[in-house]
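Report on the following structure.
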2 protein chains.
Amino acid sequence: MSKNAEGVFLEYLDANALSMTPQRKRIVETFLETEHHFSAEQLGQLVKQGAPDIGQATVYRTLKLLVESGLAASVDFGDGITLYEHAYGHAHHDHLVCMKCGVKVEIYDASIEARQEEVAIAHGYTLTRHHMCLFGLCAACQAKEK
Amino acid sequence: MSKNAEGVFLEYLDANALSMTPQRKRIVETFLETEHHFSAEQLGQLVKQGAPDIGQATVYRTLKLLVESGLAASVDFGDGITLYEHAYGHAHHDHLVCMKCGVKVEIYDASIEARQEEVAIAHGYTLTRHHMCLFGLCAACQAKEK
DNA sequence: TTCTATGCAAAATGTTTGCAATCAC
DNA sequence: GTGATTGCAAACATTTTGCATAGAA
C-alpha cells in the first residue's frame, strides 16, 4: 500500500505542474515511514536527521501538499497544535484520547455516523464532514489513579 | 436566569479570594449581553466600547475566570481560534456549522451521547468529555449554490 | 530559459506573561 | 497596608510569507 502512496503523490505533483525535488522526496518518505500522529515540528526533526539542510518552512509547505494530495490528514485535538496522520488507504475514523498519557485510539461507530447524518438533515444541512474526539482515561491510567 | 449569573461569578471570586473590579464587572456584563459565539478579540472590542482603557490581556484573564466559574465555555471549531459561549444554565450540546455562512446550530442527540460512552467503555476508557462538530451546508447556502 | 522551489529570517496570529504602578478590601 | 489586579509591552508557540538564490524541466 505504501508502495504506491508515493505514486499518488507524484501524480498529484504532475497534475498541478509541481516537481519532485530531493527535499520533497525526503519529506514524503519520512512521512510514509512515520506512524501515528505527529506535528509538523516532529516530522521536521525526523526529516533533518540525515538531511539537516531542509528548512522547516519546506516541511510545512510539503505537509500542505500531502494533505491536498490525500496522503495525509490533519487532526486537531484541540490543544492548538495541528497533528497529521496517514490518510491514503485509511478509512474515516474519529479518535479516543487518554487525557493523562495521551494514547490515541482510532474509533469508528456506524450508528454514530448515521445519527450525525440524520441530525444534520433534520436541521436542513447537508453534511460534509465532522470532527469528533472523545477524551477520557485509558485503562492503564485508571489503574494508576488508585 | 442571567439575573443571577453575575451572582455565580461573585461567589466564584469570593471562594477564590479574588475581587470584583470595574474591569471585571464590565467584561462580565458585556459577556452576559453577548449571545452566540465570540472570540476573545471580539469580546474585547465590545468591552472597549465605552471602556477603552481595558486591556486585551484583562479580557483574556477574565475570560479564563468565566470559564472556571462555569459561566462560559470555550468551543474549538478547529480553525485555531478559541470561541466562547454561555454555559450557565445551558445544557451540554455539540455544534453543527455551515461552512459557507458560518451559522452555528446547537445540537444534542441522546443516542450519539450513549454510543460515545459505549465506544469508550469498549476500549477500556472512562469518558470524561468529548468534542463533536458537524460541518456542512445549511439550507439557505444549499439554495444559493444552485 | 522560464518558472518553481528553497532557506532564511521576518511577519503574522492568537494567547500568555513579567513587571511596575494601581487598586480593592 | 497587603496582596491582588491592571495595562503595557515583550515573550510565546505555531504557522505563513517575502525575497533573493538555487534548481527542475
Side-chain angles (χ1 to χ4, degrees), chain A residues 6 9-31 37-69 72-84, chain B residues 6 9-31 37-69 72-84:
Chain A
E6 203 167 331
F9 188 62
L10 284 171
E11 278 169 35
Y12 171 81
L13 292 180
D14 220 50
N16 292 76
L18 304 173
S19 39
M20 179 54 103
T21 63
Q23 289 92 337
R24 285 182 180 158
K25 194 167 167 60
R26 166 81 187 159
I27 293 168
V28 173
E29 281 168 358
T30 306
F31 162 74
H37 301 90
F38 50 86
S39 65
E41 199 69 37
Q42 290 171 327
L43 182 63
Q45 303 263 322
L46 292 172
V47 162
K48 279 160 202 151
Q49 290 171 17
D53 292 344
I54 295 182
Q56 188 59 34
T58 301
V59 174
Y60 275 104
R61 288 189 273 231
T62 305
L63 226 20
K64 196 163 284 183
L65 298 180
L66 283 168
V67 171
E68 274 162 35
S69 71
S74 62
V75 196
D76 175 16
F77 288 106
D79 56 357
I81 307 175
T82 302
L83 299 186
Y84 296 85
Chain B
E6 203 167 330
F9 188 62
L10 284 171
E11 278 169 34
Y12 171 81
L13 291 181
D14 220 50
N16 292 76
L18 304 172
S19 38
M20 179 54 103
T21 62
Q23 289 91 335
R24 284 183 181 158
K25 194 166 166 59
R26 165 82 186 156
I27 292 168
V28 172
E29 280 168 0
T30 307
F31 162 73
H37 301 89
F38 50 86
S39 64
E41 199 70 36
Q42 290 170 326
L43 182 62
Q45 303 262 323
L46 292 172
V47 162
K48 278 161 202 150
Q49 291 171 17
D53 292 343
I54 296 183
Q56 187 59 33
T58 301
V59 174
Y60 275 106
R61 287 189 273 230
T62 305
L63 226 20
K64 196 161 285 182
L65 298 180
L66 283 169
V67 171
E68 274 161 34
S69 71
S74 63
V75 196
D76 176 16
F77 287 106
D79 56 357
I81 308 176
T82 302
L83 299 185
Y84 296 86

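Predicted model, so just to flag it, every value in this text is computed and none were measured. Chain letters run A, B, ... following the sequence lines, proteins first and then strands; every chain starts at 1.
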> Start at the 5' end of DNA chain C and walk down; is the nucleotide closest to B/P22 or to A/Q56 reached first?
Replying inline: A/Q56
> Rounding to a whole Å, what distance do you find between B/M20:CE and C/dC23:P?
Replying inline: 18 Å
>> If you only use heavy atoms from C-beta on, which nucleotide in D/dG7, C/dT6, D/dA4 is closest to the side chain of A/T58?
In response: C/dT6
>> Can you measure B/L63 atom CG to C/dG14 atom C1' for me and round it to whole angstrom units?
In response: 13 Å
> What are the two closest non-hydrogen atoms of B/I54 and B/T58, and how far apart are they?
Replying inline: CG2-CB, 4.3 Å
>> Please report the distance, rounded to the nearest Å, between CD1 in B/I27 and P in D/dT5.
In response: 12 Å
> Which one, C/dG14, C/dT4, D/dT17, comes nearest to the side chain of A/L18?
Replying inline: C/dT4
>> Rounded to whole Å, how long is the line connecting atom CD1 of A/I81 with atom P of C/dG14?
In response: 17 Å
>> The side chain of A/Q23 is closest to which nucleotide in this list: D/dG7, C/dG7, D/dT6?
In response: C/dG7
> How many angstroms lie between atom CD1 of A/I27 and atom CZ of A/F9, to the nearest 0.5 angstrom?
Replying inline: 8.5 Å
> Could you give the CG-to-C1' distance, from B/L65 to C/dT15, as a whole number of Å?
Replying inline: 15 Å
> When the distance from CG of A/D14 to P of C/dT4 is rounded to whole Å, what number comes out?
Replying inline: 14 Å
>> Starting the side chain at C-beta, find the nucleotide from C/dA5, D/dT17, D/dT15 nearest to A/R61.
In response: D/dT17
>> Is the phosphate of C/dG14 approached by B/T82 (side-chain N or O, under 4.0 Å from OP1 or OP2)?
In response: no
> Is there a side-chain contact between A/F31 and A/L66 (heavy atoms, below 4.5 Å)?
Replying inline: yes
> Nearest nucleotide by nearest heavy atom, which residue falls closer to the 5' end of DNA chain C, B/E41 or A/G55?
Replying inline: A/G55
>> When you measure from the side-chain N and O atoms of B/R24 to the phosphate of D/dT5, is any distance below 4.0 Å, counting only OP1 and OP2?
In response: yes
>> Without decimals, in angstroms, what is the distance between A/L13 CG and C/dA5 P?
In response: 8 Å
> Is A/K64 paired with A/E68 through a side-chain N to carboxylate O contact shorter than 4.0 Å?
Replying inline: no
> Does the side chain of B/Y60 get closer than 4.0 angstrom to OP1 or OP2 of C/dT16 through an N or O atom?
Replying inline: no
> What's the shortest heavy-atom distance between B/A40 and B/V59, and which atoms?
Replying inline: O-CG1, 3.7 Å
>> What's the closest nucleotide to the side chain of B/S19 if the choices are D/dT5, C/dT6, D/dT17?
In response: D/dT5
>> With a 4.0 Å cutoff (strictly under), does any side-chain N or O of A/K64 reach OP1 or OP2 of D/dT15?
In response: no
> What is the distance from OH of A/Y84 to P of D/dT14, rounded to the nearest Å?
Replying inline: 12 Å
